[in-house]
A.B. asks: 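Shown below is the structure under consideration.
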Amino acid sequence: MQARRLRALSVVGLLTVLTAAVVLVADLHRTSSAPAEPETISGPYASLLASSVDLGPARTDHVQITAALRDASRPDLLMGWADRQNLSVRWRPGDSWAILEGAPAAVSGAFDVDVHDYRGKRGQVFYASPQQPVVPTPLRVEVAELGRILGYTPHRESKVWMHPLEVPDQGLSPSALLRTYNATPLHEKGYRGKGVTVVVFAFDGFDQADLDTFATSFNLPKFTPEVIGGMPDARRGEATMDLEAIHAVAPEAKKVLVNARSTVEGDGSYEKIAKLMEDTEQRYPGAVWSFSIGWGCDKLITAADLVPVRSALAGAQRSGTTAFDASGDLAGIDCKGGDEWNSPPASMTSAWTRWPRCRR
């Protein structure tokens, strides 16, 4: 009798353990499959919003967000889900990304985030969400990541406000520039850029008289760059310096200035940048691209926001384009807002102390 009672208790105990295990597994499954809660974005993004005036729920006509897809297949699940959320999807066959867009209230409801309008210190009004939207569970087989809900891209425009100690006071002459980059031997062998097109993407323009003076002063052939997108209003900035430096190294190359100002006007900056690259590649296949401008700060965006640009660059590279991007004259200061170095999201003090050799 005692033995049977012990066996019964053992069976009951085993069943209890198994039941607990099943409940635990089920609970873990529910937890892993449950949609994650949107997280509040910190860092420079939070500083940008904190330095701006919250104007309340966004009143703009539409809000857009980039979705990084797992492959280049048609995102049918995403399209169906978006339709049920009163959102639309823009996607081109072959793209590994798509754009979700809709009214602010629809985007807010679909991703359970706040979407407000903000007024920055420079007077710019833009929409943004302080939370990072997460990929809804039904879409995870198609969508890898979502970008930010941010209708403003702080951009950097270099101003001559400091002088590195290593550069002579009058700058580098063409001959000194050739020596610095060890290009003198190429010039001596006749490699001066003939048959090559160099494209400079810029926010500012140039004054032809300045280019003429530069060429005449250093016995170089005069040149007139082709301008795409209209001449930017700002003159005598970094674009002039870039064009003159390129002409010094490759005086026989064709120079093109692409006005990138439109990419930082309104929302969808990285989609606009990708379109600008695609159009430039079609116009000048196999050219050399020079980027000496800063589009925003990497702390403000996610990898998903950059997928359109990465795709455009990969396509250009396949057709023979070579792209050079400045590593950043001032490194951490690239995480600044607009053309004022002291604007959010970073402070001048924290960034300035990183560059003691550049101070005068």
Side-chain angles (χ1 to χ4, degrees), residues 44 66 68 97 147 153-159 164 172 177 180-183 193 196-206 225 228-229 232 234 237-250 253-264 268-339 341 346 351 354-355 358:
T66 303
W97 55 275
T153 300
H155 55 282
R156 174 177 63 83
E157 297 181 55
S158 181
K159 299 291 189 298
L172 294 176
L177 194 63
T180 300
Y181 288 97
N182 196 29
V196 176
T197 297
V198 182
V199 179
V200 175
F201 293 82
F203 292 142
D204 62 326
F206 60 88
I228 303 300
E238 194 164 358
T240 299
M241 178 184 68
D242 293 342
L243 290 167
E244 291 177 350
I246 292 167
H247 191 61
V249 174
K254 177 179 180 178
K255 286 84 179 178
V256 177
L257 181 98
V258 173
N259 185 350
R261 174 66 59 179
S262 62
T263 63
V264 291
S269 286
Y270 297 97
E271 182 188 11
K272 293 176 182 176
I273 294 169
K275 182 65 166 58
L276 191 67
M277 291 178 175
E278 291 172 351
D279 292 345
T280 302
E281 176 58 27
Q282 292 178 3
R283 190 185 294 265
Y284 308 104
V288 176
W289 290 359
S290 173
F291 297 98
S292 190
I293 53 180
W295 274 296
C297 161
D298 58 354
K299 296 292 186 179
L300 293 174
I301 57 177
T302 72
D305 291 301
L306 290 175
V307 172
V309 177
R310 291 174 62 90
S311 298
L313 279 172
Q317 184 183 31
R318 286 192 294 269
S319 64
T321 292
T322 302
F324 292 93
D325 192 3
S327 59
D329 300 328
L330 301 172
I333 299 184
D334 278 355
C335 282
K336 303 296 294 176
D339 56 4
W341 294 107
R354 303 175 192 171
W355 291 91
C358 293

A.B. asks: Using modelled atom types only, decide if a donor and an acceptor are shared between the side chain of Asp305 and the backbone of Thr302 within a distance under 3.5 Å.
C.D. replies: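 Checked: pair present.
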
A.B. asks: Measuring from atom CH2 of Trp97 to atom OG1 of Thr66, what distance do you get when rounded to the nearest 0.5 angstrom?
C.D. replies: 7.5 Å

A.B. asks: Can you list the residues that meet the side-chain contact (heavy atoms from CB on, under 4.5 Å) rule with Lys254, with sequence neighbours excluded?
C.D. replies: Thr197, Glu226, Val256, Tyr284

A.B. asks: Look at the rings of Phe201 and Phe291 and say which category their plane angle falls in: under 30° parallel, 30 to 60° tilted, over 60° perpendicular.
C.D. replies: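 Parallel: the ring planes of Phe201 and Phe291 meet at under 30°.
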
A.B. asks: Val199 versus Val288: any side-chain heavy-atom pair under 4.5 Å?
C.D. replies: no

A.B. asks: Taking only residues two or more places apart in sequence, or in another chain, which ones meet Ala245 in a side-chain contact (heavy atoms from CB on, under 4.5 Å)?
C.D. replies: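 With neighbours one apart ignored, the set is Leu177.
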
A.B. asks: Against Lys255, only a single residue in Ile246, Val196, Val200 fulfils side-chain contact (heavy atoms from CB on, under 4.5 Å); can you say which?
C.D. replies: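 That would be Ile246.
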
A.B. asks: Determine all donor-acceptor pairs shorter than 3.5 Å in which one atom belongs to a side chain in residues 307-320; sequence neighbours excluded.
C.D. replies:
{"unit_1": "Ser311", "atom_1": "OG", "unit_2": "Val307", "atom_2": "O", "d": "3.0"}
{"unit_1": "Ser319", "atom_1": "OG", "unit_2": "Glu281", "atom_2": "OE2", "d": "2.2"}
{"unit_1": "Ser319", "atom_1": "OG", "unit_2": "Ala316", "atom_2": "O", "d": "2.9"}

A.B. asks: If you look at every heavy atom in Leu257 and Gly205, which pair is closest and at what distance?
C.D. replies: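 Closest approach of Leu257 to Gly205, heavy atoms only: CD2-CA, 4.3 Å.
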
A.B. asks: Over all heavy atoms of both residues, which pair between Gly193 and Ala250 is shortest? Give the atoms and the distance, please.
C.D. replies: CA-CB, 4.0 Å

A.B. asks: Kindly indicate whether the side chain of Ile301, heavy atoms from C-beta on, has any atom under 4.5 Å from the side chain of Tyr270.
C.D. replies: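 Yes. Closest side-chain heavy atoms under 4.5 Å.
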
A.B. asks: If we only count heavy atoms from C-beta on, is the Trp289 to Met277 side-chain gap below 4.5 Å?
C.D. replies: yes

A.B. asks: Going by the rule side-chain hydrogen bond (donor to acceptor under 3.5 Å, both in side chains), which residues pair with Thr263 if we only count those two or more places apart in sequence or in a different chain?
C.D. replies: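 Partners of Thr263 under the side-chain hydrogen bond (donor to acceptor under 3.5 Å, both in side chains) test: Trp295.
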
A.B. asks: So that I can tick it off, tell me whether Arg283 and Asp279 are bridged by a salt bridge, with the cut-off set at under 4.0 angstrom between side-chain N and carboxylate O.
C.D. replies: no

A.B. asks: Checking Ser269 now: which residues fulfil side-chain contact (heavy atoms from CB on, under 4.5 Å) with it, not counting sequence neighbours?
C.D. replies: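 side-chain contact (heavy atoms from CB on, under 4.5 Å) list for Ser269, sorted by chain: Thr153.
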
A.B. asks: Please round to the nearest 0.5 Å and tell me the distance separating atom OG of Ser290 and atom CG of Asp242.
C.D. replies: 5.0 Å

A.B. asks: Between Asn259 and Ile228, does the side-chain contact (heavy atoms from CB on, under 4.5 Å) criterion hold? Intermediate values first, please.
C.D. replies: CA-CA 6 Å; Asn259 185 350; Ile228 303 300; over 6 Å; no

A.B. asks: Taking all non-hydrogen atoms of both residues, which atom of Gly147 and which atom of Ala304 are closest, and how far apart?
C.D. replies: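 Closest pair (atom of Gly147, atom of Ala304, distance): N-CB, 3.6 Å.
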
A.B. asks: Just to verify, what does Thr322 make a side-chain contact (heavy atoms from CB on, under 4.5 Å) with, not counting sequence neighbours?
C.D. replies: Phe324

A.B. asks: Determine yes or no for a side-chain-to-main-chain donor-acceptor pair under 3.5 angstrom, with Asp204 supplying the side chain and Glu238 the backbone.
C.D. replies: yes

A.B. asks: Run the numbers on Lys272 and Leu276 for side-chain contact (heavy atoms from CB on, under 4.5 Å), then give the verdict.
C.D. replies: CA-CA 6 Å; Lys272 293 176 182 176; Leu276 191 67; over 6 Å; no

